[in-house]
A.B. asks: 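One structure coming up, written as structure tokens, with questions to follow.
Residue numbers run from 1 in the order of the sequence given.
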Amino acid sequence: MNFDNFILRLKTILDHYNLTSSTFADTIDVQRSSMSHLMSGRNKPSLDFVLKIVDKFPEVDLYWLLNGEGTFPKKNNAVEKNNNSTQEYQLKKTDIVTPSLFEQTEQKDDVVSNMQFSERLNSTKKIKKVILLYEDGSFDEYNK
């Protein structure tokens, strides 16, 4: 693994997801100073660091990250295969759209079980506003 090329690929990931080094460090659950030392060339990436990237960002191919072989982002079927194997729902960048909360859409992976969701839909209450709070302190607000 060429360390300088690894840092370039890491910068490519940051640019692709529009993240700062700090938010990236928070996302993969490493100390910000570790990320800073890595980006400055002081430290080399640990196996744990690399695995956290691949785990949190399913579009990142391990071989591409380490050796520059393959593509970034991964092809859609490889990302879906990774999602199925970990049994977690993770958004691909192409899936990020501004949703309409008032149109009925069907999703395969619901955070809330279908039964709980349908019970809430049958309520007489109407949704007025939804606010999503993210771990990095940012938020999105959706109004009717």
A.B. asks: Could you work out, with side-chain contact (heavy atoms from CB on, under 4.5 Å) as the rule, every residue matching T12, not counting sequence neighbours?
C.D. replies: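 Counting only residues at least two positions away or on another chain, T12 forms a side-chain contact (heavy atoms from CB on, under 4.5 Å) with W64, F72.
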A.B. asks: If we only count heavy atoms from C-beta on, is the I28 to F57 side-chain gap below 4.5 Å?
C.D. replies: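 The answer is yes; the side chains approach within 4.5 Å.
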A.B. asks: Can you find a pair of side-chain heavy atoms, one from D140 and one from Y142, that are under 4.5 Å apart?
C.D. replies: yes
A.B. asks: Return the CG to CG distance between L66 and N5, rounded to the nearest 0.5 Å.
C.D. replies: 12.0 Å
A.B. asks: I need the minimum non-hydrogen distance between L38 and K44, along with the two atoms involved.
C.D. replies: CD1-C, 3.6 Å
A.B. asks: Would you name the heavy atoms of R32 and D26 that are closest together and state the gap between them?
C.D. replies: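 Nearest heavy atoms, R32 then D26: NH2-OD2, 2.6 Å.
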A.B. asks: So which atom in A25 and which in M35 form the shortest heavy-atom distance, rounded to 0.1 Å?
C.D. replies: CB-CB, 3.9 Å
A.B. asks: Can you name the residues that form a salt bridge (Lys or Arg N to Asp or Glu O under 4.0 Å) with D61, not counting sequence neighbours?
C.D. replies: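 Here no residue qualifies.
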A.B. asks: Are any of the side-chain heavy atoms of V50 and L65 separated by less than 4.5 Å?
C.D. replies: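 Yes - at least one pair of side-chain heavy atoms lies under 4.5 Å apart.
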A.B. asks: Which heavy-atom pair separates P45 from F6 by the least distance, and what is that distance?
C.D. replies: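 Nearest heavy atoms, P45 then F6: CG-CE2, 3.5 Å.
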A.B. asks: Do K52 and V30 have side chains that get closer than 4.5 Å, going by heavy atoms?
C.D. replies: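 Yes, at least one pair of side-chain atoms sits under 4.5 Å.
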A.B. asks: Give the intermediate values and the outcome of side-chain hydrogen bond (donor to acceptor under 3.5 Å, both in side chains) for residues T20 and T23.
C.D. replies: CA-CA 5 Å; T20 64; T23 55; 3.1 Å; yes
A.B. asks: Nearest heavy-atom pair of V60 and K74: which atoms, and what distance?
C.D. replies: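 Scanning both residues completely, I find the closest heavy atoms to be O-CE, 3.6 Å.
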A.B. asks: What about L51 and F3, same hydrophobic cluster or not, with Ile/Leu/Val/Met/Phe/Trp/Tyr joined at side-chain heavy-atom distances under 4.5 Å?
C.D. replies: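 Different clusters: L51 never reaches F3 through Ile, Leu, Val, Met, Phe, Trp or Tyr contacts under 4.5 Å.
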A.B. asks: Distance check, rounded to the nearest 0.5 Å: M39 atom CE versus S34 atom OG?
C.D. replies: 13.0 Å
A.B. asks: More than 12 foreign heavy atoms under 6.0 Å from CD of E141: is that the case here?
C.D. replies: yes
A.B. asks: Can you give me the closest heavy-atom contact between I131 and F139, atom names plus distance?
C.D. replies: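 Answer, listing the atom of I131 first, then F139: CG2-CD1, 4.3 Å.
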A.B. asks: Assess the side chains of S138 and D136: does a donor N or O sit below 3.5 Å from an acceptor N or O?
C.D. replies: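 A donor-acceptor contact under 3.5 Å links the two side chains.
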A.B. asks: To the nearest 0.5 Å, what is the distance between CZ on R9 and CD1 on I53?
C.D. replies: 11.0 Å
A.B. asks: Using side-chain heavy atoms (C-beta onward) and a distance below 4.5 Å, is I7 in contact with K11?
C.D. replies: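 Contact flag for I7/K11 side chains = yes.
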A.B. asks: Evaluate the side-chain proximity of F24 to L10: yes if any heavy-atom separation is below 4.5 Å, no if none is.
C.D. replies: yes
A.B. asks: Any link between L8 and Y17 through a network of hydrophobic side chains (Ile, Leu, Val, Met, Phe, Trp, Tyr) touching at under 4.5 Å?
C.D. replies: no
